[in-house]
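These notes are about the structure you will find just below.
Throughout, a chain's letter reflects where its sequence line sits, starting with A, and its residues are numbered from 1. Computed from a predicted structure; not experimentally measured.
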Amino acid sequence: MAEYNFNDIEKKWQTYWKQNATFKTSTSTDKPKFYSLDMFPYPSGAGLHVGHPLGYIASDIVSRYKRNKGFNVLHPMGFDAFGLPAEQYAIQTGQHPAITTENNISTYKKQLDNLGFSFDWDREIRTCEAEYYKWTQWIFIQLFNSWYNNESNKAENISTLVAVFEQKGSAGANAHTDYEGSFTASEWNAYSEEEKQALLLNYRLAFLAETSVNWCPALGTVLANEEVKDGVSERGGYPVEKKKMQQWSLRITAYADRLLNDLEALDWSDSVKEMQRNWIGKSVGSTLRFQLEKFDDIIEVFTTRPDTVFGVTFVTLAPEHPLVAKITTDEQKEAVDKYVLWAKNRSERDRISDTEKTGEFTGAYVINPFTKTLVPVWTSDYVLAGYGTGAVMAVPSSDVRDFEFATKFNLPIIQVYEGEFSDISKENFEAKTGKVINSEFLNGLETKEAIHLAIQKIEELGVGKGKVNFRIRDAIFSRQRYWGEPIPVYYKNNLPYVIEESELPLTLPEIDAYQPTETGEPPLGRAKDWLYQNKYGYELSTMPGWAGSSWYFLRYMDSKNDGSFVSKEAQNYWQEVDLYIGGAEHATGHLLYSRFWNKFLFDLGLVSNIEPFKKLVNQGMIQGVSEIIYLITDYTEIDGVAPLSIIKQYFNFEENGNVRLVFLEKEFVTKNKLEKHTSTIHIPIEFVDSVSHNLNLKEYINSEIGKTNIQGGYLFLNENGYLFKGKFSDESFTFYCSPLVEKMSKSKYNVVNPDNIVAKYGADTLRMYEMFLGPLEQFKPWNTNSIDGVARFLRRVWRLFYNDNNEFIVSEEAPSKEELKHLHKTIKKVEEDIERLSFNTSVSTFMVLVNELTNLKCSKRAILEPFLVILSPYAPHITEELWSKLGHTESISKAVFPAFNEEYLVESDFEYPVSINGKVRHKLNLPLSLSQEEIQKEALSTEQVTKWMEGKTPKKVIIVPGKIINIVI
RNA sequence: GCGGGUGUGGCGAAAUUGGUAGACGCACUAGACUUAGGAUCUAGCGCUGCGAGGCAUGGGGGUUCGAGUCCCUCCACCCGCACCA
């Protein structure tokens, strides 16, 4: 009997594609373009697991579809090759990260090729290669040479700023800067070169500044806010602390407004857009200055609710606020010092998790500029140093946190909105409605007008002004690591200068070890004879992992260009990414930085689009199914009873050596009770039957891992309480593991390797199956069992073309009307499904078609051909014989997706469901081409229908063409 | 706490603008062919009922001739952010 031999087919076509450069992207610009991009992977040592290709399969289907639809498709792949794991490995083993990376990449490429992707490998890029990072460095230099002009609302060359300073001084420019000083034109012109350079650093988009950074001692580097999650590093999960350091940063805050506003038009998921909005964190309000009672100093606060200023009963400073030490009275000094020290040493984690308010009175008072009353100044770490001014005006009647603080420390509360205040509830605080009271000129107003009027008054009085605040911080750009792009900067008289563009790339020097130097400098401090023009020391930190990935989508457009990061022509043609598929974990990192860099390059006139990614789809993770057992490891007593006696009490020891959990009347051995004495063990999935979760004990206990994890004599159990006891003498005993769906990872022994699946079922089965699993964006566990259905289907498809004697059997007969009807119905649906990225339903539709045609014993089965081109890269090319026999003259890769032809559908009869009063009871065969009136006439005149209506006259007849006839009586 | 999302058979799911709920697949059941079956084919498969029928899309209510889909309300779960003034 003939067999679907996917191995031969796949090998053959992989060779064919390679030899014929089938998927090489055309450089001609006469066709419409489609840019379909996957987030390029970091090549980790573990290789691919079945979750990785999910998004690649989807984008590959779209790419093949678009090619067949006549688009010139750019569908490239590359590697995000700088990164921590390779460097950590280097620190441990001394192996150069470049070698580790190279090895991993070749594994990845082999695995990807096995899956039959239509990537154009000619355009492959690796961020760690000098030809690539030359341009990453070049973009850094452009950032260094630019400032942000708030007037024109774009980045400009620093020379335009210098020109303004020469003419008008600092007041002449509306630049985005944190610098608060000012200078006149003549002062500027009198400054030395060094002084000018130092001042300009306050304006450059890539700048060096002393800032509070996230320092990760375990990794020995600083991290950007986006790389810290819950107070620990995103990579590795090491603790992170705040530290003041001199660091390179990128002025992403200058773009905050544009990054926020331009989200609107993007075809991205609401959740990612919302995450970016929250991350940018725009809030509109006002600053307000409070004069200190006994000092000249003022405390400036930021508030979104200036309408509540009459309700201010205290002012709170962050413990790090510079005024805290100065204004604290002698009586309070000891307590405040103690508090500040305590707050400083409290970890980020503790601070987040403790909701109990803490704080201390400084002894100082400020004057409320509106009421002229004195209010006390407190310090508390519920006020963040890094946001706004690091000080807040507290209105306990309108803010939950202020309320909690006031209640705890017995501070007064003044109500400024009407309503029963005794009824303190969240709703009271959240409601921005109601009328203002106790607030002089604001009384009786609604919130919105009150805020407006309050800001007006604040500005009139000169005690503050309307202001917009952002949560987003400038992005820290230095990493004290080796395996990254060197920052193209050298130092002269302690001031940073970028190197000449003509001297790029600044290549990563060889060093003898990958640790920091003895003097605490980054690893690059070990490089010998590494000086700019033999004189000046280079910057020793490198760029962060996200530098190379912030612009790679542009490089693919013109990946070999040595004279420019991308040519004008290529950029103009490819414009932006039409479809970008990747994980949602990059929502506030990569996706934000890429938008920032793209906008910057747009300002410079180097790219033609304000946004890099038109449509974004986040594929869901494919999870693994872990197999768990619980091993009883701790034989100490529980509640005065040794576990063994507990176990004997609650379990029946059966004759065959098994132990069965027995539930007693009230109290049984609760899982919790035993859990304290157990440890969770992951059994590698190859020892467990995926359907029954039956552990192959013999193989497991004889394996290395089994020997290490459980030694004879131990007791172990699964969730249901089945125990296994003893020396494993009876190895045929069945033991059920507890399945657990979780992230696939090496350490959980639940990784499914695509290579194994391809070897057993073929790449097509894997691809179709992954699409069939469920909606692309959903998280779903891998289920090896149901892959058989897809494998079976593909075998059936193959058999449509071959008889039992392995002879090729495609009839030349013209397809019947019935066949064409099925075909065109399917074309329409598959086309719609792919366009809306619903791959699971398009696979299903296709399966239905094959089932129908099989049942019809159809003659011209080869009409299936076009679909196979899209859904499955190998199957259509079962033989070249098939291809030519079908009358195709052009090459397989140029096969065109057939157009949907409505005629075939209209001709045939349609079975209308007929509902009486909304309940479907009957069916009526009518031609689909009838008009509404004709259908109505037919429906009412039919004898049958009259009978159904029981002689009643219809009140209404509702007809949905092609769908339903509803008669209301 | 704030924001986003999800809830449909034993399981993964489908139903695109409100129009025959459960397509397609897994698992399961019966049968055929077979020395054999982890191959293939045929039929069945939401619950309930002998049946006609009745009941079913997390719970409750509403709009409509008609609701998985729209509105109100409650519940459960997942994800992100989190003392952002």
message = For a quick check under 3.5 Å, do A:Tyr65 and A:Glu835 share a side-chain donor-acceptor pair by atom type?
response = yes
key: A:Tyr593 versus A:Thr588, side-chain donor and acceptor atoms under 3.5 Å   = no
Scan [X] against the nucleic acid and name what it touches under 4.0 Å (heavy atoms): base, sugar-phosphate only, or nothing.
X	answer
A:Gln778	sugar-phosphate
A:Pro775	sugar-phosphate
A:Asp402	nothing
A:Glu274	sugar-phosphate
A:Lys829	base
A:Leu773	sugar-phosphate
A:Lys357	base
A:Asn783	nothing
A:Asn469	nothing
A:Ser844	base
A:Arg796	sugar-phosphate
A:Val790	nothing
A:Arg277	nothing

query = Where does B:G9 land, syn or anti, given syn is within 90° of 0?
reply = syn
A:Gln623 CD - B:G12 P separation (whole Å) = 12 Å
inquiry  = Without decimals, in angstroms, what is the distance between A:His321 NE2 and B:C83 P?
reply    = 19 Å
Using the [atom1] atom in both, what is the distance from [N] to [M], to the nearest Å?
N	M	atom1	value
B:U34	B:U40	C1'	10 Å
B:G46	B:G51	P	13 Å
B:U42	B:C50	P	32 Å
B:C81	B:G68	C1'	31 Å
B:G58	B:U6	C1'	11 Å
B:U48	B:G9	C1'	14 Å
B:C26	B:A14	C1'	15 Å
B:C11	B:U16	P	23 Å

remark   = A correct dot-bracket answer for RNA chain B, with pairs being Watson-Crick or G-U at under 3.5 Å, [ ] for crossing pairs and | for inter-strand pairs, is (((((((..(((......[....))).(((((.......))))).(((....)))..(((((..]....))))))))))))....
request  = Would you indicate whether the side-chain heavy atoms of A:Val301 and A:Arg289 approach each other to under 4.5 Å?
outcome  = no
Note, A:Asn783 side chain near A:Val625 side chain (heavy atom, < 4.5 Å) = no
ask   = Between A:Lys357 and A:Tyr382, is NZ or CZ placed under 6.0 angstrom from the six-membered ring centre and within 45° of the ring axis?
value = yes
query = Between A:Glu274 and A:Arg277, is the closest basic N to carboxylate O distance under 4.0 Å?
reply = yes
query = Would you call A:Glu264-A:Lys273 a salt bridge at under 4.0 Å N-O?
reply = no
task = Give a yes/no on whether any side-chain N or O of A:Arg799 is located under 4.0 angstrom from OP1 or OP2 of B:U40.
result = no
key: Any A:Tyr387 side-chain N or O less than 4.0 Å from OP1/OP2 of B:A85   = yes
note = Assign each of A:Ala391 and A:Trp279 the nucleotide of RNA chain B bearing its closest heavy atom; nearer the 5' end lies the nucleotide of A:Trp279
